[in-house]
Structure formats: structure tokens, C-alpha cells
Asker: 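Please see the structure below; I have some questions.
Since the structure is predicted, the reported quantities are computational estimates derived from the model, not experimental observations.
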Amino acid sequence: MLSEIKHLEGRFPGMHRDSRGRHVKTVDKYKIYGASLDFRELCGRLLRPETRYLVLDLDGTFHKGLNPGVMLGFELCAYQAYGLDYMETMDDKNRLGSIVLNWKDQAAQSRYAKKGAKRWLLPGVLYYSLARVGWKVSPLRKTIRQTLGPHAMDRMLALMRLSLMHQMAGVPAEDVHKLVRSLWKRHADRQVIEPEDIQWLRDSFPTLKIMVSSASPRALLQVVQEQFPVHDIFATEVETINGKTSSPHWMHPVFGSGQPKRIAPPASLRQNAYYNKIKYLSLKYPDFMDPGVHTVGITDTKHGEDYPWSEYFKCVADINSPDPFSPLVSTASPLKEIHSAKIKTRREKEEAESEENAQPWDMPSPLPSSENFEFSKQDLEDILVNELAKAEAAAIKCYDAVPGVVEDLGAMAGEAFAINQALENIIIGYNASAGADRNLYFERVQEALKQTYRLNRQLNSRMNPVSKRWSEIEKIMESARSKIHKKAGRSLEDQPPPPYLEDQLIFSEKTLPGG
């Protein structure tokens, strides 16, 4: 909650007014590529000799249409029901789907159904209903944002992230690592970035620092750390004791966590998501935000989680994305260029090399032509004259609403800080206790969390004036994005979303070992 108060004072159309009194502008260049590129081709168009930082997202960026974190959630359900030995005996080809059933072990099947439904399926259904379905319906989006605050999408994504961390808690880190390595191996044909690509970047741009920043837990980035010669990684972190992560302190019943063996102190939980990605980057690399430092970010922008990148980077690219960046940004943004491209997977490159013209199975229909479209600032201003006017009008109302909201939220900050401090001390007592004392501490943890939820509801209620304006601005920004893509021959609204593997519950002979 404290971070949301801080974010209200950050950059977003409606949060900033320039010297001429404007809040919204277009970027200088918006380029849409008609034909699929390989990763090196795209980097060659984005990077300059003086580029200092290249930041890559993980989920959906290293693989086309694949979220390893979501897949790991299914894997952990099967691991907890069947054990690692069984998982390792399975043929990798039999585990491409989400569901794993062992018909020979009815007791294990029962455990799988019970744990999976509570720990992963329930949060997944809630998330899908809100973030994937409700978010596409304008009235529902307004309601969701008024209920969860301006950063509603991040909170919905946090539901799945924290659910995964509860599943991982207490599982030996080495076992988690084996499951993650298996995921990478089985879905290697969907990779769009190879270790050799990163080495090529290092050789071609010796002064460039290459980093991967993801909201996923650190365990999911270990493969990147081991196999790809990147300079640094940023991930969601939590306390690790004796080779096992602890449960996050958020104990909402939807997570199905029960009474955990150990609760991570709140101070040990660092969620590298949304605006926090920028925060942690700039903390470690203080010159990242300098006006004279050229920075490039590449992400799939699925769900719009990385839209804040357009307010801080000098150049961004969305790849294989159903939700590209908008050409409208705040007047505080240093962003000059947006690139939107489809990047070839390992399989697609192999098919091209063998002169096979089969349609890729995991992507939407291609553009009608392979022509590239580049829009200058003047082009964008001419095409988006109505959107600019509407966005500016909404941003003025948002800007005027912020000071009063920030003042009220500042008064809540002291109460939030006191609750967090009390919770930290209670959790220390919980972890050091046993038996009846432990039960009493757990009740106190739950009571402190109820106070946090109550304060969050008050926070969201007070932020409603800003939340309402943010929804209006966001809708206009999406309209502007769609108009530009239609000019390039791509209709984002009429095009069905790509069949992301994590949304599929596949039952087939190949996913039913032992049947």
C-alpha cells in the first residue's frame, strides 16, 4: 500500500504537467514490422553503439506465448501429489500439456485434484475471470479498478505470483530447479532468444549491460542465469532458509496455504513487478534514469504489466504481443521510439531453413503483407488528433484530483507502517514458537492481515477519483494504439488472442501417463 501512495507521485499521463501545461504527448517514432524477425535482427534496429542498458522481460519474451511461472504451478501440483521420482520418469513429450494424471495411483490422483484445485485452479479461475475476461469489458474494468485501485492489474497478477510462491514454500530449491529446467527443455522449440544471441550482443556492443527483469520468483530465472551470459537478473525475492523458500506473509484464504511451516518476514518479500521493476533497476544502476543514458526494453507486454516501461526507457519494443505499447505517453516520459514486432521461435527458424511454409501453430494470423510501417511524431499527431485531445482532457481531471488524494493517503501511511512493523514482530514470534503458542501467533498474524485488508479497502475507496480517470485515459491510450495498428493492416480488436498454452487444460493420451 505504501508503494501505491508513492506511485501516485510518479509518471503517468495525468500525473505530470510540463512547462506548457500539457500532460500527454506522442512518441517520436512508432514502427510496426510486417514480417517476422529473428531476435538479432530486432536488436540491430533498436540498439546504438552508445546504448548502455538492455532490459529483457522473461515470461512471454524468452518464449513465444509461454508463461513458465504458470506452467510451474501445474508442475508443482503434480510434484506434490506424485513426487519427484515419478515426474522424472515421465517422457518429456508426455508433459507438454498442463494436466498430469497417474491412473495407476488413485490416492495420488485424489491428492492431485484436492491440492491442485485449491492451490492453483481456484486462484487461476479468479485471475482469468477478472484479468482476462472482465478486463476486456469496459464497465467491469472500471468496477475492478475502483475495487482494487489504479494498479488493479498488478494486484490481479500478484494473486497468481503469491499463489505460486505459497506452492514453492518448503519445497527443496533443487527440486524446483529440476522442474524449471524440465519446462525449458520441453518447450525449447518456442524459444525466441538463445544463449548465442546474448553472446552476440556482448561481442557486438562491448559497453552494453544486458539484464533480465521479471516479476517471477528467482527460481524461474536460474536457467537464464546458468545458460545465458546476461550481466544481471532482477526477480521477485523472498526469504530462503536451509535451501527452501518461506511462505509469503500474505495468507488470504484464496491461496489455500493453511498454517505454513515458516512465514517469511514482510521485509524479506520484494516483488519485482510493475513500477517496482524500474525502482529496483534504478537503485542498483543509478545512472539508468539519466537523460543522456540510452536504454532499451524488450517485453511481450501481455496484460500490460510492463506499460510503465514507456514512461522510463528511451526505446521499447513489444514482441509477439496481443497488447502492444500505446503511442501516447506522459509529457515526463523520455521515450522516443516504440517498435512492435513478431519474433521467430526456434521452430519457426528451423522451418524457414527447411523451406517449409506451414503456418506457426501458436501465433495469430500474420499481417496481410510483410511491409514495415513507420510513423513519425507528425504522423502520429495527425492520425491521433482526437485521441490526444480526449486524453489531455481526461489527464487534466486526473492531475487536478491527485493532490487531494495524495494528502489523504499520506495520513494513512503512518497507520500502514505501524501495521507492517507489528506484523514483522508477530511473524518473528510465530517462526520461533511451537504448539499452542504457535497457534496464538498465527491468529495474531491473521488479525494483522485483516487490518491490512481493511486499510487497503479504505485506500482504494479514497483513490476512486484517480482510478476513474486512469480508466478513461487507459481506454483512450488503447484506442490510439489500435488505430495505429489498423493503419498498418493489423486489427487488434478483431483478431482472436493467441492460444497461450497456460490457458489450456489439455487432456490427451500423451498427458495421461499410466493410462
Asker: When rounded to the nearest 0.5 angstrom, what distance separates SG in Cys77 from CG in Leu121?
Answerer: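 Atom-to-atom, Cys77:SG and Leu121:CG are 8.5 Å apart.
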Asker: Does the pair Glu415/Arg454 count as a salt bridge with the N-to-O cut at 4.0 Å?
Answerer: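 Arg454 and Glu415: salt-bridged.
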Asker: Counting only N and O atoms by type, is there a donor-acceptor contact under 3.5 Å from the side chain of Glu424 to the main-chain atoms of Pro265?
Answerer: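 No; judged by distance alone, with no hydrogens or angles, the pair does not exist.
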Asker: Taking all non-hydrogen atoms of both residues, which atom of Asn67 and which atom of Gly69 are closest, and how far apart?
Answerer: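 Looking at all heavy atoms of both residues, the shortest contact is OD1-N, 3.0 Å.
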Asker: List the steps, then state whether side-chain contact (heavy atoms from CB on, under 4.5 Å) holds for Arg270 with Asn276.
Answerer: CA-CA 9 Å; Arg270 191 183 84 167; Asn276 277 345; over 6 Å; no
Asker: Please check if any side-chain donor atom of Asn460 sits under 3.5 Å from a side-chain acceptor atom of Ser467, or the reverse.
Answerer: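 No donor-acceptor contact under 3.5 Å links the two side chains.
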Asker: Using modelled atom types and a 3.5 Å cut-off, is there a donor and acceptor pairing between side-chain atoms of Asp28 and backbone atoms of Glu337?
Answerer: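 Not at all, since once roles are kept as given, no pair shorter than 3.5 Å links the two residues.
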Asker: Within the 3.5 Å criterion, strictly below it, is a donor on Thr331 or His23 matched to an acceptor on the partner's side chain?
Answerer: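 Absent: no donor and acceptor within the cut-off.
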Asker: Checking the side chain of Thr51 only, and the main-chain atoms of His294 only, is there a donor and an acceptor separated by less than 3.5 Å?
Answerer: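 The answer is no, because no donor-acceptor pair under 3.5 Å joins these two groups.
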Asker: Please find the pair of heavy atoms, one from Ser138 and one from Lys475, that lie closest to each other, and give the distance.
Answerer: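 It is OG-NZ, 3.8 Å.
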Asker: Whether the side chain of Ser333 engages the backbone of Ser310 through a donor-acceptor N/O pair (distance < 3.5 Å, no angle test) should be reported.
Answerer: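 It does hold such a pair.
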Asker: Ser321 side chain to Asp300 main-chain N or O, any donor-acceptor pair under 3.5 Å?
Answerer: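 A pair under 3.5 Å: yes.
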Asker: Is the side chain of Ser461 donor-acceptor paired with the backbone N or O of Arg457 at a distance under 3.5 Å, no angle test?
Answerer: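 No: the side chain of Ser461 does not pair with the backbone of Arg457.
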Asker: Answer with yes or no whether the side chains of Glu311 and His16 bring together a donor and an acceptor at under 3.5 Å.
Answerer: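 No - no donor-acceptor pair under 3.5 Å links their side chains.
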Asker: Tyr30 vs His485, test: ring-ring contact (aromatic ring centres under 6.0 Å, His included). Steps then yes/no.
Answerer: CA-CA 10 Å; Tyr30 198 109; His485 278 262; 5.7 Å; yes
Asker: Rounded to the nearest 0.5 Å, what separation is found between the CE atom of Met211 and the CD1 atom of Ile233?
Answerer: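 These two atoms lie 12.0 Å from each other.
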Asker: Output yes when Glu50 and Lys314 qualify as a salt bridge under the 4.0 Å nitrogen-oxygen rule, no when they do not.
Answerer: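 So Glu50 does not pair with Lys314 through a salt bridge.
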Asker: Within the structure provided, determine whether Leu56 and Ile198 are in side-chain contact (heavy-atom separation under 4.5 Å).
Answerer: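 Side chain of Leu56 against side chain of Ile198, heavy atoms only: contact under 4.5 Å found.
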Asker: Is the closest basic N to carboxylate O distance between Asp400 and Arg17 below 4.0 Å?
Answerer: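 Salt bridge flag = yes for Arg17 with Asp400.
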Asker: First locate atom CD1 of Ile473, then atom NZ of Lys390, and finally report the distance between them rounded to the nearest 0.5 Å.
Answerer: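 Rounded to the nearest 0.5 Å, the CD1-NZ separation comes out at 14.0 Å.
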Asker: Kindly give the heavy-atom pair with the smallest separation between Thr236 and Ala215, and that separation in Å.
Answerer: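 Smallest heavy-atom distance, with atoms named: OG1-O, 2.6 Å.
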Asker: Heavy-atom distance under 4.5 Å between the side chains of Phe313 and Ile338, does that happen here?
Answerer: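 Sidechains of Ile338 and Phe313: no contact.
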Asker: Can you tell me if Asp323 uses its side chain to pair, donor with acceptor, with the backbone of Gly304 under 3.5 Å?
Answerer: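 Side chain of Asp323 to backbone of Gly304: no pair is present.
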Asker: Tell me the closest heavy-atom pair linking Pro324 and Arg481, and the distance in Å.
Answerer: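 Between these two residues, the closest heavy atoms are O-CD, 2.9 Å.
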Asker: Side-chain contact, heavy-atom cut-off 4.5 Å: Ser246 with Ile263?
Answerer: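 No, every pair of side-chain atoms sits at 4.5 Å or beyond.
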Asker: Step by step, would you call Trp470 with His151 a side-chain contact (heavy atoms from CB on, under 4.5 Å)?
Answerer: CA-CA 9 Å; Trp470 276 33; His151 306 297; 3.6 Å; yes
Asker: If you draw a 6.0 Å radius around NZ in Lys397, do more than 12 non-hydrogen atoms from other residues or ligands fall strictly inside?
Answerer: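 Result for NZ/Lys397: open.
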Asker: Got Trp309 and Thr295 here, is their nearest side-chain heavy-atom distance under 4.5 Å?
Answerer: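 In short, these two side chains do not touch, never coming nearer than 4.5 Å.
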Asker: Decide yes or no for Val176 and Leu72: does some side-chain heavy atom of the first lie under 4.5 Å from some side-chain heavy atom of the second?
Answerer: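 Side-chain contact under 4.5 Å: yes.
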Asker: Below 4.0 angstrom, N of the basic side chain to O of the carboxylate: do Arg161 and Asp154 qualify?
Answerer: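 Salt bridge: yes.
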Asker: For Thr299 and Asp306, does a side-chain donor sit closer than 3.5 Å to a side-chain acceptor?
Answerer: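 The criterion, which ignores hydrogens and geometry beyond distance, is satisfied for Asp306 and Thr299.
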Asker: How long is the span from the CG atom in Leu281 to the CZ atom in Phe234, to the nearest 0.5 Å?
Answerer: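 Between Leu281 CG and Phe234 CZ, I get 4.5 Å after rounding to 0.5 Å.
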Asker: Let's go through Lys209 and Asp232 carefully: what are the C-alpha distance in whole Å and the side-chain angles of both, what is the deciding distance for side-chain contact (heavy atoms from CB on, under 4.5 Å) to 0.1 Å, and is it a yes or a no?
Answerer: CA-CA 8 Å; Lys209 280 197 175 295; Asp232 209 346; over 6 Å; no
Asker: How long is the gap from OG on Ser330 to CG on Leu335, to the nearest 0.5 Å?
Answerer: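 So the OG of Ser330 and the CG of Leu335 are separated by 10.0 Å.
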Asker: Are there over 12 heavy-atom neighbours, none belonging to Lys142, within less than 6.0 Å of that residue's NZ?
Answerer: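 Not buried by this count: 12 neighbours or fewer within 6.0 Å.
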Asker: May I ask you to test the Lys64-Ile343 pair for a side-chain heavy-atom distance under 4.5 Å?
Answerer: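 No - every pair of side-chain heavy atoms lies 4.5 Å or more apart.
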Asker: Given side-chain contact (heavy atoms from CB on, under 4.5 Å), test Val296 with Val55 step by step and report yes or no.
Answerer: CA-CA 6 Å; Val296 175; Val55 182; over 6 Å; no
Asker: Just so I know, are the side chains of Leu54 and Phe205 near enough to count as touching, which here means a heavy-atom distance under 4.5 Å?
Answerer: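 Of all side-chain heavy-atom pairs linking Phe205 with Leu54, none is under 4.5 Å.
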Asker: So does Asp57 pair up with Lys277, basic N to acidic O under 4.0 Å?
Answerer: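 Yes, Asp57 and Lys277 are salt-bridged.
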Asker: Using every non-hydrogen atom in the two residues, find where His63 and His187 come nearest and quote the distance to one decimal.
Answerer: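 The answer is CD2-O, 3.5 Å.
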Asker: Quick one: does Asn425's side chain have a donor or acceptor within less than 3.5 Å of a partner on Ala422's backbone?
Answerer: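 Judged by distance alone, no pair lies under 3.5 Å.
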Asker: How many angstroms lie between CD1 in Ile419 and CD in Glu447, if you round to the nearest 0.5 Å?
Answerer: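 Rounded to the nearest 0.5 Å, the CD1-CD separation comes out at 10.0 Å.
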Asker: Kindly give the heavy-atom pair with the smallest separation between Trp184 and Val223, and that separation in Å.
Answerer: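 Trp184 and Val223 have their closest heavy atoms at CD2-CG1, 3.6 Å.
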Asker: Take the angle between the ring planes of Tyr307 and Phe325 and call it parallel below 30°, perpendicular above 60°, tilted in between.
Answerer: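 Plane angle between 30° and 60°, so tilted.
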Asker: Parallel, tilted or perpendicular, judged at 30° and 60°: which one describes the rings of Tyr53 and Phe288?
Answerer: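 The arrangement is tilted - the two ring planes meet at 30° to 60°.
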Asker: Can you tell which of Asn320, Thr301, Asp318 makes a side-chain hydrogen bond (donor to acceptor under 3.5 Å, both in side chains) with Ser340?
Answerer: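 Answer to the side-chain hydrogen bond (donor to acceptor under 3.5 Å, both in side chains) test with Ser340 among Asn320, Thr301, Asp318: Asp318.
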Asker: Within the distance-only criterion (no hydrogens, no angle test), does the side chain of Asp18 pair as donor or acceptor with the backbone N or O of Arg20 below 3.5 angstrom?
Answerer: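 Between the backbone of Arg20 and the side chain of Asp18 there is a qualifying donor-acceptor contact (under 3.5 Å).
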Asker: Is the centre of the Trp250 ring less than 6.0 Å from the centre of the His166 ring?
Answerer: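 Not close enough - the centres of the two rings lie 6.0 Å or further apart.
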Asker: Does NZ belonging to Lys483 count more than 12 external heavy atoms closer than 6.0 Å?
Answerer: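 Check passes, neighbour count above 12.
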Asker: Going by heavy atoms in the side chains, are Ile484 and Pro327 under 4.5 Å from each other?
Answerer: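 A side-chain contact under 4.5 Å exists here.
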Asker: Looking only at atom types and distance, does a side-chain atom of Arg145 sit under 3.5 Å from a main-chain N or O of Pro150, one as donor and one as acceptor?
Answerer: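 Pair found, side chain donor or acceptor close to backbone of Pro150.
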Asker: Charged N to carboxylate O under 4.0 angstrom, Glu472 versus Arg469?
Answerer: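 Yes, charged N to carboxylate O under 4.0 Å.
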Asker: Does Lys29, at its NZ atom, have more than 12 non-hydrogen atoms belonging to other residues, nucleotides or ligands within less than 6.0 Å?
Answerer: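 Atom NZ in Lys29 is crowded, with more than 12 foreign heavy atoms closer than 6.0 Å.
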